[in-house]
**Q** 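Below are the C-alpha cells for one structure; questions will follow.
For clarity, every value in this text was computed on a predicted model and none was experimentally measured. Sequential numbering from 1 along the given sequence is applied to the chain's residues.
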Amino acid sequence: MPSPSAPLPQLDEEQVEVLRRVGREWGRAAGPSEAWRRALPVAPDLGGFPAPGEIRPAALGRHVRISSLGGESPAIELTEGDGPERGRRARAAHLLRRTVLGMPLRSSAIARERLRKRVALPVLSADALSSVAYGPEALLAVLVLGGAAGLAYATPLAAVIVVLMVSVALSYRQTIRAYPHGGGSYLVASANLGRTPGLLAAAGLMTDYVLTVSVSIAAGVAAIAPVLPALARSPVPLGVAVILVLLAGNLRGVRQAGRLFAVPTYAFVLAMVVLVVAGLHQAAGRGFTPATPPHPNATEAVTLLLVLRALASGSTAMTGIEAISNAVPVFRPKEWRNARTTLTWMICLLVVLFTGMMTLVHLTGVVPNHQETLLSQLAHEVLGSGALYVFVQLATAGVLLLAANTAYNDFPRVLFLLARDWHAPRVFLRLGDRLAFSHGIILLSAAATLIFVAFGGRTAALIPLYAVGVFLAFTLSQAGMVVHWHQTRDPHRLRSLLLNAVGCTLSGIVFLAAVVTKFLTGAWVAVLTIGGFVLLTKRIRAHYDRVGEALRLHPHALELPTSGCRVPAPDPAAPPEPDAPAGQGSKASPAVVPEDASEAEAEAETEEAPEQIHHLSIVPVAVLDLAGMRALAYAAALRQPVLALHISPSDAEAERFRDNWREWGDHLPLEVVVTPYRAIVAPMIDYIEVLHRQRPDLTVTVILPEIVPRQRRYRLLHSRIAGRLRRSLRTLPKIVVTTVPFHV
C-alpha cells in the first residue's frame, strides 16, 4: 500500500542548500528566533494524538474514536472532511456518512485490511470467472452469422482462447515474480518501455475497468430476466442501483468488500460445476453423441475477418486476468507468493469453467438467440426449470452484478500510481476514512453509470468496446517484461523471457483483431478514449512540472520580511513558555485554559480600538517551497506573533520536515502534529480549536499558502483547503482565514 505521506513532496539537495542560504538572510531580516518564541501568547505544544500502537479500537478492533489534542473535548472522529460537524443538517449528513461507511480506520490498520487467499480469490477473480457467462456467447454470436459453417469453428477457436488464457496467466506469474510489490501493466510498461507506453497501458486498463462495471452489470440484469421478468423490464434503474450498492460497499474498505462479495463468486463456481457435471452425465447416457443443432441461416460468408472477429469477441472471457498482478500489495505476507498461488487457482477454475461451457454447447447443440442468454438455455436443457435452474441463474446474476468489484479494487490503485507520477490530480493519492481510495471509487462509479445509461444497459452494445483496452494493456505489459528479462541477470531469464514473448505475441494478435474487426461497431470509441486519456495525462504532468519548477527554491526569488522589522513584544497575558523547545513536537502536558476563559469568550468580538486586539498568526506549512516561504514572510512582516504548523501523516515525514526547518535556521516557532490517519485538514482544525479554547480572547489569523493557476482549467488540480477551513471555523469567533496566493 502507498505511504500516507506520498502527497508531500521532498526537497532535493540543491533546494536544501538554497534553504540554508535563505535562512541566513532570514536571520538578518527577522531578528532573533528566541524573541519570536517569547512573543507567543499561547503554549503551542498541546500534546499529540496517540501513536498507532497505543490506540485501542472500540468494536472488533476496527473502529477508531479518539479525543482531540489536549484531551479537553469530547471524543472526535478524525476524517478528511470539513472537521467537527455543527447544525442539524450537518449532523444528519454526518450520521448518514457513518451509517453507510462506518467508523474511520487508523493507518496502521492497513495490515489488518490485507486479504487471505480464499477471500482474495473471489474478490480479484470475480471479473475473470464471471466472464464465462458471456464470453462463450459473444464467440458464438459472431460465428452464428456464418451459419453451420461458421459454428464449425467454435471448438478450434475455443481451444485457441484456452491456450491464450494459459499463456497470459503464465506471463503474469512471471510479472508477479519480477515485481513482488505490485507490477501492474502501467508500472511494467513505464519502467521498461517508457512514459508514453506506460500511459497507453494505464489508459487501456482504466477503460477496461469502467467497461467491466458496465458489462458485468448489464449481463447480470440479463441473467435475471428469465427468473424475475418484472425487474428485467427496467434494466437501467436496476443497474444504477447496483452501482450505488457497489459504491457504498467499496467505500467501507477492502476487507469488508471482500467478505461481502466472496459468497456470490463461490456460489457461481458451484452452480457452474453442477451444470457441467449434470450435462456430462446426461451426455454419457447417450454415448456423448452431440445433439443435432439447429441450422441457422447464414447472413455472412465465413471469412478470415469473421473468424478474427469471433476470436476477439470470445476473448472477452479473459478480462480480469491481470487483476491479481495489479493488486499484489493487498495480499497477506508473503504477498507475491500468495498472489501467484491465487492466480494459479483462478486460471485453473477459468479454464475448467470455459471448457465445460463450450463442451456443453457442443453436446447440446444450443446456439445464441435474442430471447434468452446462452447460459440460461444450457441450464434449461440440462437442469429443466426447477430449483437448480433458478439457483444457476441467481448465482450467475449475483456474480455478474458483483464482478465489477474487481474494477473497484484496481481502478483507484492505477489512479493512485498516475497521481504519484504527477499524471493525475493529486487528490487521488488520498486514502479515505476506511483505507480505500475514495475519490477513485467515486470516479469509477460515475463513469460506469454514464456508459451504462448511454448504452441502455445492453451487453451486446458494450462488448465491441471491451477487448481493445484490456488486450492493449496485456500486450504492453508483456512487451515490458520481455525487455525486463533481457536486461536482468536472473538465472531463469530465458524461460521467463520466452513465456512473456509468447504472451505478448498472442495478446498483440487479439488486440489488432479487435481494433480492425470491431472498429466500426464501437471499438473506435475505445480507441478515441485511450488517445484522449494519454493526451490529458500528459497535459496534467506538464502543468505539474511547470508548477514544481515555479515552486523550487531559488535564492533570488524568495521574499523576506522587512529588513529590521520589529519583533513582537511578549503578550503579558500569555501562559509561561513550555519546558520543551518549540519546534520539537514533544508531547508535553496539555495547555491549561485560563480561569477567565468563559469571561473572555463572552466578551469576544467586542474590541473597539486596535490596541484592544491581541493577535496570533498561524501558518500551516506542508513543505518549505516558495509558496510556503512566501506565507511565512508575509506573516512575519505583520509584526505579530507567528506560529508555523505542520501536520504530518507519519513520524518519518515529521522528522524530515524538522530537519528541513533546522537547515533553514529555525527562525520562527514551529509545532509539528503527527496524526496516525490520512486526514490533514481535520487535525489542523482540531489544533486551531484547542488553541482558541486556550486563549478565546485572541484573534487567530490562519495564513495559508495557496497555489493559484492563471488558467482556470488547472485549478481543479490543486487543493482548496482554505474554503474547507472557512466552512469549519466560521462558527468560532475571532478566527480569520486568509490566503497568500502564489500565481503560476
**Q** Between Thr359 and Leu280, does a side-chain contact (heavy atoms from CB on, under 4.5 Å) hold up when you go through it step by step?
**A** CA-CA 9 Å; Thr359 301; Leu280 292 177; 4.1 Å; yes
**Q** Would you say that Met272 contacts Val132 through its side chain, given a criterion of any heavy-atom pair below 4.5 Å between the two side chains?
**A** yes
**Q** Hey, does Ser477 have a side-chain heavy atom less than 4.5 Å from the side chain of Glu322?
**A** no
**Q** Could you tell me whether the side chain of Leu476 reaches within less than 4.5 Å of the side chain of Ser185, counting heavy atoms only?
**A** no
**Q** Identify the residue among Thr537, Leu536, Leu417 that makes a side chain to side chain contact (heavy atoms under 4.5 Å, CB included) with His423.
**A** Thr537
**Q** Can you find a pair of side-chain heavy atoms, one from Leu400 and one from Tyr134, that are under 4.5 Å apart?
**A** yes
**Q** Looking only at the aromatic ring of each residue, does the gap between the centers of Phe474 and Tyr172 stay below 6.0 angstrom?
**A** yes
**Q** Output yes when a side-chain donor or acceptor of Thr475 lies under 3.5 Å from a complementary backbone atom of Gly508, and no otherwise.
**A** yes
**Q** Output the distance between atom CZ (Arg413) and atom CG (Leu205), rounded to the nearest 0.5 Å.
**A** 13.0 Å
**Q** Which value, rounded to the nearest 0.5 Å, describes the distance between Thr207 atom OG1 and Phe411 atom CZ?
**A** 9.0 Å
**Q** Verify side-chain contact (heavy atoms from CB on, under 4.5 Å) between Met481 and Tyr179, making sure each step is shown before the conclusion.
**A** CA-CA 10 Å; Met481 289 304 303; Tyr179 291 86; 3.7 Å; yes
**Q** Is Leu139 close to Leu311 at the side-chain level, that is, under 4.5 Å between some pair of heavy atoms?
**A** no
**Q** Do Ser214 side-chain atoms and Ala448 backbone N/O form a donor-acceptor pair below 3.5 Å?
**A** yes
**Q** Do the side chain of Ser125 and the main chain of Leu121 share a donor and acceptor less than 3.5 angstrom apart?
**A** yes
**Q** For the atom pair OG1 (Thr212) and CE (Met206), what is the distance rounded to the nearest 0.5 Å?
**A** 12.5 Å
**Q** Please report the closest heavy-atom contact between Val468 and Ala514, naming both atoms and the distance.
**A** CG2-CB, 4.2 Å
**Q** Do the charged groups of Arg309 and Glu300 touch, with an N to O distance under 4.0 Å?
**A** yes
**Q** Between the side chain of Gln478 and the main-chain N/O of Val168, is any donor-acceptor distance below 3.5 Å?
**A** no
**Q** Are there more than 12 heavy atoms of other residues, nucleotides or ligands under 6.0 Å from atom CZ of Phe533?
**A** yes
**Q** Once you round to the nearest 0.5 Å, how far does CD1 of Ile161 lie from CE of Met165?
**A** 6.5 Å
**Q** What I'd like to find out is whether the side chain of Ser131 reaches to under 4.5 Å of the side chain of Thr316, using heavy atoms alone.
**A** no
**Q** Please determine whether side-chain contact (heavy atoms from CB on, under 4.5 Å) holds for the pair Leu374 and Val361, giving the CA-CA distance in whole Å, both sets of side-chain angles, and the decisive distance to 0.1 Å.
**A** CA-CA 9 Å; Leu374 184 72; Val361 168; 4.0 Å; yes
**Q** Quick check against the 3.5 Å criterion: does Gln282 have a side-chain atom that pairs as donor or acceptor with the backbone of Val382?
**A** yes
**Q** Could you go through Phe391 and Leu270, starting from their C-alpha distance and side-chain angles, then the distance that decides it, and tell me whether this counts as side-chain contact (heavy atoms from CB on, under 4.5 Å)?
**A** CA-CA 10 Å; Phe391 171 66; Leu270 176 61; 4.2 Å; yes
**Q** Please check if any side-chain donor atom of Tyr209 sits under 3.5 Å from a side-chain acceptor atom of Asp127, or the reverse.
**A** no
**Q** With rounding to the nearest 0.5 Å, note down the distance linking CD1 in Ile217 to CD1 in Ile451.
**A** 11.5 Å
**Q** If you look at every heavy atom in Leu143 and Ala310, which pair is closest and at what distance?
**A** CD2-CB, 3.6 Å
**Q** For Leu343 and Ile321, work out which heavy atoms get closest and say how close.
**A** CD1-O, 4.0 Å
**Q** Decide yes or no for Lys117 and Trp345: does some side-chain heavy atom of the first lie under 4.5 Å from some side-chain heavy atom of the second?
**A** yes
**Q** Using side-chain heavy atoms (C-beta onward) and a distance below 4.5 Å, is Phe471 in contact with Leu512?
**A** no
**Q** What is the distance from atom CE of Met358 to atom CG of Leu360, rounded to the nearest 0.5 Å?
**A** 10.5 Å
**Q** Hey, are Ser376 and Tyr389 close enough side-chain-wise for a donor-acceptor pair under 3.5 Å?
**A** yes
**Q** Tell me whether Asp208 contacts the main-chain N or O of Gly469 through its side chain, where contact means a donor paired with an acceptor under 3.5 Å.
**A** no
